[in-house]
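Below: one structure, written as structure tokens.
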Amino acid sequence: MASPDTTDTARYNAKTAEPKWQETWDRQGCFRTREESEAPGKDKYYVLEMFPYPSGRIHMGHVRNYTMGDVIARFKRARGFNVLHPMGWDAFGMPAENAAMENKVHPADWTYKNIAAMRGQLQAMGLAIDWEREFATCDPSYYRHEQAMFLDMVEAGLITRKKSYVNWDPVDMTVLANEQVIDGKGWRSGAPVERRELTQWFFKITDKADDLLKGLEGLERWPDKVRIMQTNWIGRSEGARVFFPVEGLSKDYSLEVFTTRPDTLFGASFCALSPGHPLTRELAEKDAKLAAFVRECEQLGTSEEAIETAEKKGYDTGLRARHPFIEGHSVPVFIANFVLMDYGTGAIFGCPAHDQRDMDFARKYALPVLPVVAPKKLQGAELETFLSELGEANEAFDGDGVAVNSDFLNGLEVTEAKRAAIEKLEALKLGEGTVNYRLRDWGISRQRYWGCPIPIIHCPSCGSVPVPRADLPVELPRDVSFEKPGNPLDHHATWKHVACPKCGGKAERETDTFDTFVDSSWYFARFCSPKAETPTDIAAANYWLPVDQYIGGVEHAVLHLLYARFFTRAMKETGHVGLDEPFTGLFTQGMVTHETYKGPDGRWVAPDELFWKDGKPFLDEAARTPVKVGAIEKMSKSKRNTIDPTAIIDQYGADTARWFMLSDSPPERDVQWTEEGVEGAWRFTQRFWRIVTGDPASLAEPGAPMPALDEVAEALHRTAHQILAALTAHIEALQFNKAVARIYELANAISAFKPQDEAAGKWVKREAVDMLVQMAAPMMPHLAEESWQALGHETILAETPWPIADESLLVEDSVTLPVQVNGKRRDEVTVPRDADKAAVEQAALGLEKVRNALDGKTPKKVIVVPGRIVNVVV
RNA sequence: GGCCGCGUGGUGGAAUGGUAGACACAGCAGACUUAAAAUCUGCUUCGCUUUUUGCGAGUGCCGGUUCGAGUCCGGCCGCGGCCA
């Protein structure tokens, strides 16, 4: 085939056209944001794609994400909205420090260099972005406001400092996220990870758990999937706190446990404490064996999964806990590795018959298994059998049923029994009904350099003292070394030693920095007034927020989106914004995938290293070494199945890449990158250009008055307006693949158009071609501008209003209805649109094929759905 | 194991309960060309029928609701995601 970068003048040359139009848009300030006062009578529209981490190069996922956002931005602008469409950089984080350690480059230099490279790549995509609002979260001019808000939030009681377990890498001397722990070892050092207790800063997100849960109900333009994931993550569960007085201690002590199943209290056969429980600590001080057991537990990771899959282990303290309901009965107290200090009260009671974990534990330590719930339908002998089998079983029964062996609860169904048990506990003052959440407070301390410093000074006499506002920002020191393991801020010679702002005595800075999720929890608000002297300009924030359409990967369904929702509430409480929910519309796009290839040595082979012969890939041109085609997977460096967007843009142009990313696959689903697909997209850009410019003499002058239309001209006229209406609805609904199909349909209709009357033909073809170009503009903006100009228009398409479909052309005068006999299609009948049912029925029954199908029988019933279908029932 | 989503041609995918397969990719045939590429035209769910006309089957499987089911309901099978 011809090379895409040919200079043939009959071809559309993306290589020259694209930079030209990018420069024109830039020079004319087409995408500069208009403040409220500059846009009277316009509604605002804020479209935002999740901002990228500056890794160094954009990838196809970015291309897909930013193309979708750009289509919306351009479309909404053409539809008369005042649009905010900004871009920035999620610029703090570990990869910069890794690069510093590996390549001896300063994290700041590495980051800003990457930003410059990626900005250039994004600009080559021709995005309708207001670059004047760009910022990076590692700019002190950004993070100073984050520090100020942190202090506001400390004052507002939204933040707490407490101890918590972390994954500790003893070699790198750093805290690891759960996903950095692989098989219990640090991902970089390979050293066994320890659970360690550190004092850290926390946002009190659990205080807002109910509010965050309720808020989800109002987010109607969010995918249900994401709302369900957040609901599960918050994990609200109703249950009870129960007190078990402990015997065998020198003091009076009641163990507080949380349970979602107070109805199974009569089946309790032990209590278990978390290794981190205060009572455990106390006991461990006098019990070396217990202390050793606790240490062993701390070798385990902190993730629920790690704890869940580990072998259940316990340590019998010898203490007994008195049963709240059964006089004179007590159960043993264990320390158990599967009890989480962070969930509930850090202590449970075990009812082995009705909880699998408790069952496993009971069998291991030979504890009794007493069934206290049975399926309702079981009676007499069947019930006896069920209960005795469960008593011997290794499988717990956690289904619904009625209480048995449970004194005053007997016969009550689970829900009823829970309520009755709670009432009794409250009457006995041995417990109460309570709500527990799976959600934990958001720990934001990171023992790392490349993050926003926490603006606190620790003074031996005054405690944790906020850095005075006048001293903000607390800037990261530039002169740091990554030679030593651990946090460079912690062993910096001078930075951390300061005078206490309160007493003036010797004090030390907090050397932890913020979790980068903090940075991304408010950037959308900063975009409203990126240069303001305060974190937000409240008027600008009130105007632009909420984000009307937010677009990003589903991998952020829980953490980022939940934190941002919390942070917005916290900003509202501290007076920085005026709303609770930052994103009214959310769209989660699918991944970009590609085939994978494996060479004979089992190593992954990149697509551009292949030689194709007879549709099969080889490692060499002579086709001697075959390559195995593997699964279609998300593009990733490790599988070597990535395609570099810049290479594609160089070869085919940005419009081709954009068009391909929008074609075929529904945007929420994964899209497979294929060579054929991108070739097809490129060929269409050329065909588009030929349709528009191939025969200028066949088009009327722009703005020419409409002549009388003959039948064929009228048909194209209608088609164009119908397609316009459909495409407009598709883009509104973010159904880009369908919008693409409509463009093809119109292109096909124009190609197939055979005018009869010359004047009418010229006029409707001009209209159809103009519309085609305008409709394609959000998706292929450069090609559309070039076409628009070639069509003789004086305006810039980026500033031209969206065309309006003529409603009267959307309905046809006559309709063709399928005619079924007994639900089977036999023929079709064309009738006037407003024909009454009797007339349609008569026309349908008169059809020869229908009569044949009836075979002389009399119709029992004829169903006529106007404008839809006729069904003759025999 | 729980929750959620998805199963439609060779492929990606269309289809307010109303003509299943729009649109595209790939493939095949033809036109143009010395030839190829590009481009243009046509065909392309499967089976039966000599081609047409036509007939039959068909949206993972089984059943149900309905005049009518890819779509709604119940049960199964398979795949994917999240949580465990």
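Labels below follow one simple rule: chain letters A, B, ... track the order of the sequence lines, proteins then strands, and each chain is numbered from 1.
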Assigned partner base of B/U59, Watson-Crick or wobble definition, under 3.5 Å: none

Nearest-nucleotide pick for A/Asn871, side chain only, options being B/G13, B/G18, B/C40: B/G18

Whole angstrom value for the distance that separates P of B/G5 from CD1 of A/Ile228: 6 Å

Residue-phosphate contact under 4.0 Å: A/Arg826 side-chain N/O, B/C55 OP1/OP2: yes

Between B/A38 and B/U50 - P atom distance, rounded Å: 39 Å

Touch class at under 4.0 angstrom, heavy-atom based, for A/Ser663 against every strand present: nothing

Worked check of side chain to side chain donor-acceptor pair (under 3.5 Å) between A/Ser698 and A/Lys765: CA-CA 7 Å; A/Ser698 68; A/Lys765 192 174 171 193; 2.9 Å; yes

Sugar-phosphate, base or nothing in reach of A/Gln820, heavy atoms under 4.0 Å: base

Touch class at under 4.0 angstrom, heavy-atom based, for A/Asn748 against every strand present: sugar-phosphate

Polar atom pairs between nucleotides 70-75 of chain B and protein, under 3.5 Å, N or O only, would you list them?
none

A/Cys351 backbone acceptor or donor facing A/Asp358 side chain under 3.5 Å: yes

Rounded distance (nearest 0.5 Å) linking atom CE of A/Met779 with atom CZ of A/Phe660: 15.5 Å

Torsion-based syn/anti label for B/G9, 90° from 0 as limit: syn

Short side-chain to backbone donor-acceptor contact, A/Gln230 and A/Leu213, under 3.5 Å: no

P atoms of B/G21 and B/G10, separation to the nearest Å: 16 Å

Nucleotide of B/C40, B/A22, B/G13 approaching A/Arg687 most closely (side-chain heavy atoms): B/C40

N or O in side chain of A/Lys861 less than 4.0 angstrom from B/G68 OP1/OP2: no

A/Met229, nearest nucleotide to its side chain (from B/A22, B/A14, B/C82): B/C82

Spacing between A/Glu555 atom CD and B/G80 atom C1', to the nearest angstrom: 16 Å

Nearest-angstrom distance from the residue atom CZ of A/Phe397 to P of B/G1: 17 Å

B/A15 OP1/OP2 closer than 4.0 Å to side-chain N/O of A/Lys738: yes

B/C48 - base-pair partner by Watson-Crick or wobble geometry, distances under 3.5 Å: B/G54

A/Gln842 CD: over 12 foreign heavy atoms closer than 6.0 Å: no

Sugar-phosphate, base or nothing in reach of A/Val873, heavy atoms under 4.0 Å: sugar-phosphate

Atom-pair distance (CE on A/Met359; C1' on B/G1), nearest Å: 16 Å

B/C46 versus B/A35 - spacing of their P atoms, nearest Å: 33 Å

Donor-acceptor pair, side chain of A/His354 and main chain of A/Val373, under 3.5 angstrom: yes

Side-chain N,O (A/Lys849) to OP1/OP2 (B/G54) below 4.0 Å: yes

Base partner of B/A20, which must satisfy Watson-Crick or wobble distances under 3.5 Å: none

Any N/O pairs under 3.5 Å between the protein and nucleotides 26-29 of chain B? List them or say none.
residue: B/A26; atom: OP1; partner: A/Arg683; partner atom: NH2; Å: 3.4
residue: B/A26; atom: OP2; partner: A/Arg683; partner atom: NH2; Å: 3.3

B/A84 OP1/OP2 closer than 4.0 Å to side-chain N/O of A/Arg438: yes

B/A69 to B/C62 separation - P atoms, rounded to the nearest Å: 15 Å

Contact check, side chains of A/Trp673 and A/Met661, non-hydrogen atoms, under 4.5 Å: yes

Gap separating the CH2 atom of A/Trp682 from the CG atom of A/Asp655, nearest 0.5 angstrom: 13.5 Å

Base-pairing assignment for B/A37 (Watson-Crick or G-U wobble, both under 3.5 Å): none

Sugar-phosphate only, base, or nothing, as touched by A/Arg690 at under 4.0 Å among non-hydrogen atoms: sugar-phosphate

Identified pairing partner of B/C32, criterion: Watson-Crick or G-U wobble below 3.5 Å: none

Touch class at under 4.0 angstrom, heavy-atom based, for A/Lys824 against every strand present: sugar-phosphate

Between NE2 on residue A/His59 and OG1 on residue A/Thr642, distance to nearest 0.5 Å: 10.5 Å

Atom-to-atom span, CD1 of A/Ile869 to P of B/U19 - whole angstrom: 5 Å

Partner nucleotide of B/C43 by Watson-Crick or wobble geometry (both distances under 3.5 Å): B/G27

A/Arg227/A/Asp224 ion pair, N-O < 4.0 Å: yes

Whole-Å gap separating P (B/G81) and CZ (A/Arg669): 15 Å

Partner nucleotide, any strand, of B/G9 [Watson-Crick/G-U, under 3.5 Å]: none

Between B/C23 (C1') and A/Leu662 (CG): distance, integer Å: 14 Å

Heavy-atom donor-acceptor pair, A/Asp441 side chain to A/Ile205 backbone, under 3.5 Å: yes

Rounded distance [0.5 Å steps], CD in A/Gln589 versus OG1 in A/Thr67: 10.0 Å

Whole angstrom value for the distance that separates C1' of B/G18 from CZ of A/Arg868: 7 Å

Watson-Crick or G-U wobble mate for B/A84, both contacts under 3.5 Å: none

Phosphate OP1/OP2 of B/A14: any A/Asn737 side-chain N/O under 4.0 Å: yes

Position toward the 5' end of RNA chain B (nearest nucleotide), A/Ala681 or A/Glu745: A/Glu745

